[in-house]
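Remarks on the structure that follows.
Proteins get letters first, then strands, A, B, ... in listed order; numbering begins at 1 in each.
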There are 2 protein chains.
Amino acid sequence: MGRGMKEARLGGGDTRSVSQFARVPKSTFRAHIVDGLRQAILRGDMEPGSPLIEANLASQFGVSRGPLREAMRQLIDEGLLVTVPYTGTHVVDLSVEDVREIYSIRVNLEIFAFEQIWPRRDAQFRDGLVRRHEALTQCIDAQDDAASISAELELHGFVYEAAGHRILLKTWESIRGRLQLYWAAHHRAHGIRGPRRDGHDDYVRTALGDNFEDLRQEITGHMARGGSQTEAFLASRVQEPIAPPSLPSAANDAGTTAAAASRARELSKSVE
Amino acid sequence: MGRGMKEARLGGGDTRSVSQFARVPKSTFRAHIVDGLRQAILRGDMEPGSPLIEANLASQFGVSRGPLREAMRQLIDEGLLVTVPYTGTHVVDLSVEDVREIYSIRVNLEIFAFEQIWPRRDAQFRDGLVRRHEALTQCIDAQDDAASISAELELHGFVYEAAGHRILLKTWESIRGRLQLYWAAHHRAHGIRGPRRDGHDDYVRTALGDNFEDLRQEITGHMARGGSQTEAFLASRVQEPIAPPSLPSAANDAGTTAAAASRARELSKSVE
DNA sequence: AGGTGATCGATTGTCAACAATCTTTCATCT
DNA sequence: AGATGAAAGATTGTTGACAATCGATCACCT
């Protein structure tokens with residue numbers, strides 16, 4: 001049926017017309033779907049725990065199941081989806097332990113990022129940081145919570161990008177998705193989100209200052225504040241997945257498949 | 001064909017099963033191929049930079065291209081393969097910068113791992129560490145270089161497992177592959193590998209001691225030694241790329257997430 | 001000769017159908 | 001009734017064929 005419609009779809013959905021001489025990204029359906037799906041998940045179009053069925057998503061994206069499966073596989077590796085063979089794939093439902101881990105390793109990674117860039121901080125770095133801080137403040141003033149989440153992630157993410165450390169950046173990106181996912185859920189549940197308007201003033205100030213130790217302490221404290229707030233919220237939920245076995249190397253489990261599947265009620269809304 | 005095999009890989013997690021009622025064997029061709037391919041790559045069956053063609057591998061594994069593609073996609077995400085759409089997929093060829101990044105972040109992650117487990121070190125931890133250290137020493141004495149590499153990775157990996165931090169562990173695993181890949185190449189090129197027999201004595205001693213600061217310095221020094229040795233090797237070979245002529249270490253990333261990393265990195269330098 | 005454009009082979013991307021497996025439902029038995 | 005087991009429906013896993021793209025080769029034009 002749709003063999004000949006590929007070109008039209010490809011040209012229509014892409015927004016890369018103004019590149020001066022930038023390498024045109026070789027387009028693949030898979031790449032587009034990864035972006036679209038990730039965006040849909042992070043935007044909260046599908047609640048944590050809700051199932052994703054390949055056939056539906058494939059038709060919604062207008063492609064066949066092949067490319068869609070590969071895209072899903074990538075999001076699984078990113079930690080945004082969890083899957084059980086022959087059974088189903090769901091949006092990840094973060095446990096208290098997960099969020100705790102994210103915050104704890106964030107402290108470590110972000111300090112490492114600053115170690116990398118500390119002697120190389122220049123005007124460009126300063127401007128980038130300040131600009132993103134201002135953007136964040138404006139979003140908070142406008143009480144646009146979704147934008148505030150993105151702006152805060154942009155602010156922190158800028159440090160990772162500026163560090164010029166590819167492995168570090170990739171690690172951050174794999175964490176960022178889940179962090180954003182959690183913040184979105186937190187926001188939906190609590191109505192209002194938490195970042196105070198001056199929550200990042202000290203962060204930016206010490207980041208541009210001359211005392212690394214001050215920055216280290218600020219980051220530690222910053223994360224501790226976010227972490228405790230986070231855990232309080234998660235603890236208030238009754239969900240509480242299975243306690244991991246008391247040993248290291250606890251395999252991650254999406255909880256009992258029956259519970260997860262039956263709990264999944266809201267089917268996927270339109271994704272586009 | 002036979003479907004009832006073993007080994008299952010849940011998304012993101014490892015194929016570990018613990019309790020007596022562990023989730024069993026749901027088999028997937030993809031899971032088997034991922035393991036087999038990874039093993040082949042790490043074992044050095046295919047040189048860094050050599051191409052992987054889907055049709056050949058598919059017939060070689062006795063499956064169709066679908067599952068094989070998904071398996072390759074996972075190894076791409078792990079950083080063991082690099083791909084260019086419509087063009088080809090190759091075993092990653094690490095650059096000096098890559099190895100430098102690996103070593104630098106290893107210092108950070110391993111110290112973090114010890115921070116996590118430091119107050120919880122018990123007899124089991126001590127035994128595990130000592131046992132792996134002995135295994136490593138034996139491999140070195142036997143002059144079995146391949147086994148030495150695995151043993152050394154087992155020793156360090158044990159710390160990450162014992163930390164009980166899933167994100168940390170996954171990050172380590174994503175690094176471990178490339179590290180092993182590099183060590184194998186190093187070994188093939190130099191004939192003999194480098195770890196002195198007593199190279200880890202101080203490491204294990206401080207890891208089981210009472211002074212965290214000593215351990216921190218030992219790890220930093222340990223990695224610095226490995227790193228400098230590494231860079232000397234890579235620098236010596238920088239003028240002589242491998243057999244495949246038009247090769248890649250310049251722009252080795254796919255149109256997926258890795259592209260974003262490199263793109264962001266370039267952006268931080270260029271104007272905007 | 002040097003550059004230019006078409007052609008061919010090889011490889012990856014995509015599709016639609018088929019097979020295996022899981023979950024649920026419902027009839028059956030104790 | 002409660003448990004047990006078989007059939008049905010739904011979803012994922014797998015396959016082989018087809019289409020799009022890339023790189024190299026070679027004829028052709030200036």
Side-chain angles (χ1 to χ4, degrees), chain A residues 1-11 13 23-34 50-74 76 81-90 254 256-264 267-268, chain B residues 1-11 23-34 50-74 76 81-90 244-248 251 254-256:
Chain A
M1 155 164 45
R3 279 287 165 82
M5 306 171 68
K6 288 197 260 188
E7 293 80 5
R9 168 168 298 279
L10 227 168
R23 190 97 52 84
V24 177
K26 295 156 191 171
S27 200
T28 345
F29 284 178
R30 179 185 60 251
H32 284 268
I33 296 169
V34 166
S50 58
L52 286 78
I53 50 188
E54 299 177 355
N56 291 2
L57 289 175
S59 67
Q60 285 185 26
F61 277 99
V63 299
S64 108
R65 278 179 55 213
L68 185 112
R69 277 173 61 89
E70 295 183 1
M72 284 177 64
R73 206 62 55 182
Q74 178 167 333
I76 290 169
L81 300 178
V82 291
T83 186
V84 179
Y86 286 108
T87 301
T89 304
H90 304 79
T256 68
T257 55
S262 64
R263 185 176 299 270
L267 44 156
S268 56
Chain B
M1 18 180 76
R3 281 291 149 76
M5 298 178 175
K6 56 189 182 326
E7 192 116 49
R9 172 195 149 77
L10 298 201
R23 204 66 148 195
V24 234
K26 287 167 200 165
S27 167
T28 314
F29 284 178
R30 179 183 60 251
H32 283 269
I33 296 169
V34 166
S50 58
L52 286 78
I53 51 189
E54 298 177 356
N56 292 2
L57 289 175
S59 67
Q60 195 168 330
F61 276 99
V63 300
S64 114
R65 277 179 54 214
L68 185 113
R69 278 173 61 89
E70 296 181 0
M72 285 177 64
R73 203 63 53 183
Q74 178 169 334
I76 290 168
L81 301 178
V82 292
T83 185
V84 179
Y86 286 107
T87 301
T89 304
H90 305 78
S246 68
L247 226 291
T256 56

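- Between A:L52 and A:H90, the closest heavy-atom pair is CD1-C, 4.0 Å.
- Counting non-hydrogen atoms under 4.0 angstrom, B:P67 reaches a base of the nucleic acid.
- With C:dT14, D:dT14, C:dG13 as the choices, the nucleotide that has an atom nearest any side-chain atom of B:R73 turns out to be C:dG13.
- The separation between B:E54 atom CD and D:dT14 atom P is 16 Å, rounded to whole Å.
- One atom, CG of B:N56, and another, P of C:dA10, lie 12 Å apart when rounded to the nearest Å.
- Listed pair B:S64 / D:dT15 meets the phosphate criterion, a side-chain N or O lying under 4.0 Å from OP1 or OP2.
- For the pair B:R30 CZ and D:dT12 P, the computed distance is 12 Å after rounding to whole Å.
- Among the heavy atoms of the strands, none lies under 4.0 Å from B:L68.
- In this structure, CZ of B:F29 is placed 14 Å from P of C:dA19, rounded to the nearest angstrom.
- Counting non-hydrogen atoms under 4.0 angstrom, A:G66 reaches nothing in the nucleic acid.
- A:L81 and A:M72 get closest at one heavy-atom pair: CD1-O, 4.1 Å.
- Taking atom CZ of residue B:R65 and atom C1' of nucleotide C:dC15, one finds them 12 Å apart after rounding to whole Å.
- Here A:R69 does not reach the OP1 or OP2 of D:dT12: none of its side-chain N or O atoms lies under 4.0 Å away.
- Nearest heavy-atom pair across B:A71 and B:I33 is CB-CG2, 3.6 Å.
- Distance CD1 (B:I53) to P (C:dA10): 11 Å, rounded to an integer number of Å.
- Counting heavy atoms from C-beta on, the side chains of A:I76 and A:R73 come closer than 4.5 Å.
- The closest donor-acceptor contact from the side chain of B:S64 to the backbone of B:G66 lies under 3.5 Å.
- Taking the side chain of B:Y86 as heavy atoms from C-beta on, and the options D:dA20, D:dG23, C:dT11, the nearest nucleotide is D:dA20.
- In this structure, B:F61 places its CZ atom 13 Å from P of D:dT15, rounding to the nearest Å.
- Summarising the geometry, the separation between CD1 on A:I76 and C1' on D:dG13 is reported as 13 Å, rounded to the nearest angstrom.
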